[in-house]
Amino acid sequence: LPPPCDSEIYCYGDVLKQVQMAKLFDDDKYFVDMKLKSAPDIILTAFHNLTHGDPNSVPPAVLRDFLHKYFEEPGKEFEPWSPPDWHDKPQFLTGIADAELRSWAEKLHHLWKSLGRKISSDALAHPEQYSQIFTPHPFVVPGGRFRELYYWDSYWVINGLLLSEMTDTARGMILNFIHLIDRYGFIPNGARVYYERRSQPPFLSLMVESYYQTTNDKDFLRTALPALEQEYLFWMQNRSVAVEVNGIKHVLNRFDVQVGLPRPESYSDDVELAEGLTEEAAERLWKELHSGAESGWDFSSRWFVDGLGNNNGSLRDTRTSLLIPTDLNALLCRNERTLAHFYRTLGNEPEATRYDKAASARQEAIEAVLWDEERGVWLDYSLVTNTSHPAFYPTNLAPIWAGCYSQPSMGQKAVHYLQTSGGLEFPNGVPTSLVDSGQQWDYPNAWPPLQHILIQGLSSLPSQEARELGFDLAQRWIRTNWLAYVKYEAMFEKYDVNGDGKPGGGGEYEVQLGFGWTNGVALQLLSQYGDRLTSGSSGNGFTSCLSISVSVALLCSAQTLFL
Ligand SMILES: OC[C@H]1O[C@H](O[C@H]2O[C@H](CO)[C@@H](O)[C@H](O)[C@H]2O)[C@H](O)[C@@H](O)[C@@H]1O
C-alpha cells in the first residue's frame, strides 16, 4: 500500500520517523505542519550528512538544531486576512428572544474573523516547501491545532457563515473544494499533503445546496455540478461494496483508505499501537486507522471488530472498512437526491432521473441491509458476520435526517428506539455512543455535527412529539455550549455529556478551542429555535440566575442540579 503522500519529509522516510519518534513536540501534528526553509532535496541531503547514513543514532539535541535550521514553526503560511464580507448585526440575531443568547450569538458571529485564513502566495509558488495545500480562496479553519481547511467540518461552518450573511466567504470555501476535486479527483480529509489519500464524509453537495438556498444562484449550481459528479463517482468507484441479502445484491458504501503507513500527524501513536504486530498486520492496522480518520470518527469503539468478528476490543482492533455505516449511506442517499434536484433545476431531466434511480436503489439497499425491524432503527452492518451491530449511536437515525426511508412508520419506530436507547439520559447532549472506551468519538463526548443531524432529523418528522424532542435536544445543546462559553470564554470542538459546560476529552490530542463546526451548529440552532431557546433550562430558575452575573449563575446552576 502507498504512503499517505509522496513527500519524503512529510509522509514517509527517516526524517519523519526520527523527529516523530524522538517526541520533540507534545503533538505529532506540529512537525508535519512546519514549513521547509529550503527545497526538500537540500534538507534530505543535509539529514543524510548529519546522520552519516545511520539515522537511528541522532540525539534529540541534534535533531532540534536541524529543525531550527531547516524548518519554520507552524502557522507561518498565512497572510493577514479579515473577511471583507463580515458586517455587524446580521438579520438572524433579531430572531433570538433571550437577551443573553442574543448577545452570545453576536460574539459567535465575531469569531469568524479570528478563524478566517488566507494562504500566502509563497505557498503557491513553492508548494514543495509546505504541507499546507494551496487553495485559492480564504477559508475558515476549525481552530487550535487544526490550522487548515477541513472537509466535513466546513458544512457546518458554511451554514453558520450563511446565517452571518458572509456569502462570499462561503462561496470561496466551496470553490476551494471544487479546486481540490479538480486536482485530486476527490476532496481530501483536510488541505494538507498528509491527508491527500483519504477523504471525509462527502458533504460538498449539501454545502452547495445551502449556498443555493440562500442565493438562488443557478450559475453557481452549473459551475459546481461537474465537480459534484466527479466526487460522487469517486465514492462509487473506490468506496462501494456489494452485499447480498435474501438472494438480492445491493450496493452500499464504506470508508476504505488504501494507505499502509502511520498517519504522519499522529506518527508515534500509530507506531506504538502497532508494536509487536507482523509487518502485514501493522500495515493493515494503519490502513484501518486511515479509514477511521476518513469516517470523521477518529476514533471510536464503533470501528472495533475482534478476531471473532464481534464489535469488541480496543483501538488495535480498528477495522473500519469491515463495516457499512448508516450515516455514510444516508448521506450518499441525500447526495443522490440533491444531485437529482440540481439537474432538474437546470432543466436536465435525463440526469435528474438517473440520480432519482440511484437514490431509490440506495433507499432499497438501506432498508434491506441496515434497517432492523425488531429494534425499529437502522444499524451499521458487519461484512465479517453479515449481521448488524446493535450498539447505540446517534447516527443510527441518520436516514431520517436524509429523508431516505419509505414508510412513515419507520420514523415513528426510530423515535421510540431513541427514547428507549439510553442516549437521551444526559442533560448536556446526546453522547456519541454508550461505550466509555477513552476514544474521543465515544461516551461521554457529544459532538456538534451529530447533535445537528439528530435534531434536524427529528424536526423533519410529522409527529409533534418528535419535533418537541428535537427542540428539547437543541435546548440541551445550546445550554451546554453557552455554559462552557460563560466559564471559559471559548467554544470547544466537543463537550462532555456529564457536567454543565464541560469540554470533552479522550483520544490522542487535547480538546481544541475555536471552533468552526461548534459555532456553525450553535448559530443554526439559535436561528431555527431563537424564539424559544433560553439560556437556562426552562422553568427551573436558570434564566433568572444567569442574568444576574456569571459567578452567581454558576452557583445557581450547581444549586439547581443539586435540587
Ligand atoms: O490528528 C488526529 C485527527 O484529527 C482530525 O480529526 C478530528 O478533527 C477534525 C477537525 O475538526 C474532524 O474533522 C474529525 O472528525 C476529528 O476526529 C483529522 O480530521 C484526522 O484525520 C486526524 O487523524
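Whatever order the structure lists them in is the order used to number ligands and atoms, beginning at 1. All figures in this text were calculated on a predicted structure; none of them were measured in a lab. For the numbers below, each heavy atom of this structure counts, side chains included, while hydrogens, waters and symmetry mates do not. Positions are given from 1 along the sequence.
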A.B. asks: Aromatic rings Phe515 and Trp517: how do their planes relate, parallel, tilted or perpendicular, breaks at 30° and 60°?
C.D. replies: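 Aromatic pair Phe515/Trp517 classed tilted.
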
A.B. asks: Considering Pro449, Pro264, Gly296 one by one, which has a heavy atom nearer to atom 15 (O) of ligand 1 than any of the others?
C.D. replies: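 Among Pro449, Pro264, Gly296, the closest heavy atom to atom 15 (O) of ligand 1 comes from Gly296.
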
A.B. asks: Give me the nearest non-hydrogen protein atom to atom 4 (O) of ligand 1 as residue plus atom name, then the distance to 0.1 Å.
C.D. replies: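 Here the closest protein heavy atom is Phe146 CE2, 3.4 Å.
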
A.B. asks: Decide whether the shortest distance between a heavy atom of Trp517 and an atom of ligand 1 is less than 4.0 Å.
C.D. replies: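 Heavy atoms of Trp517 do come under 4.0 Å of ligand 1.
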
A.B. asks: What I want to check is whether the side chains of Asp33 and Tyr194 have a donor and an acceptor closer together than 3.5 Å.
C.D. replies: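 Yes, because at least one side-chain N or O of Asp33 sits under 3.5 Å from a partner of the opposite role on Tyr194.
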
A.B. asks: For Lys29 and ligand 1, answer yes if some heavy atom of the residue is under 4.0 Å from a ligand atom, otherwise no.
C.D. replies: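 Checking ligand 1 against Lys29, which is what was asked, there is no heavy-atom contact under 4.0 Å.
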
A.B. asks: In this structure, does ligand 1 have an atom that sits under 4.0 Å from one of the heavy atoms of Gln440?
C.D. replies: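 It does, in that a heavy atom of Gln440 comes within the 4.0 Å cut-off of ligand 1.
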
A.B. asks: Starting from atom 17 (O) of ligand 1, which protein heavy atom do you reach first, and at what distance in Å?
C.D. replies: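 The protein heavy atom lying closest is Asp298 OD1, 2.2 Å.
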
A.B. asks: Take every heavy atom of Trp441, measure it against each atom of ligand 1, and state whether any distance is under 4.0 Å.
C.D. replies: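 Yes, that is the case, since the closest heavy atom of the residue is under 4.0 Å from the ligand.
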
A.B. asks: Is there a donor-acceptor contact under 3.5 Å from the side chain of Gln20 to the main chain of Ser268?
C.D. replies: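 No, Gln20 side chain to Ser268 backbone: no donor-acceptor pair under 3.5 Å.
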
A.B. asks: Would you mind finding which of Asn189, Leu289, Asp270 brings a heavy atom closest to atom 21 (O) of ligand 1?
C.D. replies: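 Residue with the shortest heavy-atom distance to the ligand atom: Asn189.
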
A.B. asks: Does Arg302 reach the side chain of Thr395, with side-chain heavy atoms less than 4.5 Å apart?
C.D. replies: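 They are in contact (side-chain heavy atoms under 4.5 Å apart), so the answer is yes.
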
A.B. asks: Begin from the C-alpha positions of Tyr509 and Asp269 and carry the test side-chain hydrogen bond (donor to acceptor under 3.5 Å, both in side chains) through to its verdict.
C.D. replies: CA-CA 11 Å; Tyr509 59 85; Asp269 289 320; over 6 Å; no

A.B. asks: Determine, for Trp401 and Arg334, whether the Lys NZ or Arg CZ falls below 6.0 Å from the six-membered ring centre while staying within 45 degrees of the axis.
C.D. replies: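 That pair qualifies as a cation-pi contact.
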
A.B. asks: Quick one: CE on Met491 to CG on Leu108, what's the gap to the nearest 0.5 Å?
C.D. replies: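 So the CE of Met491 and the CG of Leu108 are separated by 5.0 Å.
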
A.B. asks: Look at atom 2 (C) of ligand 1 and say which protein heavy atom is nearest, naming residue and atom and giving the distance to 0.1 Å.
C.D. replies: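 That would be Glu508 OE2, 3.3 Å.
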
A.B. asks: Measure the distances from the heavy atoms of Trp297 to every atom of ligand 1 and state whether one is below 4.0 angstrom.
C.D. replies: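 Per 4.0 Å heavy-atom rule, Trp297 does not contact ligand 1.
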
A.B. asks: Tell me the nearest of Tyr150, Tyr509, Phe515 to atom 7 (C) of ligand 1, using heavy-atom distances.
C.D. replies: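 Selected option, by shortest heavy-atom distance: Tyr509.
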
A.B. asks: For the residue pair Arg192 and Tyr10, establish whether any side-chain heavy-atom pair is separated by less than 4.5 Å.
C.D. replies: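 The answer is no; the side chains never approach within 4.5 Å.
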
A.B. asks: With a 4.0 Å cut-off on heavy atoms, does Arg145 reach ligand 1?
C.D. replies: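 Contact present.
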
A.B. asks: Would you check the N or O atoms of Glu493, main chain and side chain alike, for any that come under 3.5 Å of an N or O of ligand 1?
C.D. replies: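 No - when backbone and side-chain N and O of Glu493 are compared with those of ligand 1, no distance drops under 3.5 Å.
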
A.B. asks: Would you check the N or O atoms of Arg263, main chain and side chain alike, for any that come under 3.5 Å of an N or O of ligand 1?
C.D. replies: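 Right, the criterion is met.
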
A.B. asks: Is Trp447 in polar range of ligand 1, meaning some N or O pair under 3.5 Å apart?
C.D. replies: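 N/O-N/O distance below 3.5 Å does not exist for this pair.
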
A.B. asks: Kindly determine whether Thr326 and Asp380 satisfy side-chain hydrogen bond (donor to acceptor under 3.5 Å, both in side chains), including the steps that lead there.
C.D. replies: CA-CA 5 Å; Thr326 45; Asp380 294 343; 3.3 Å; yes

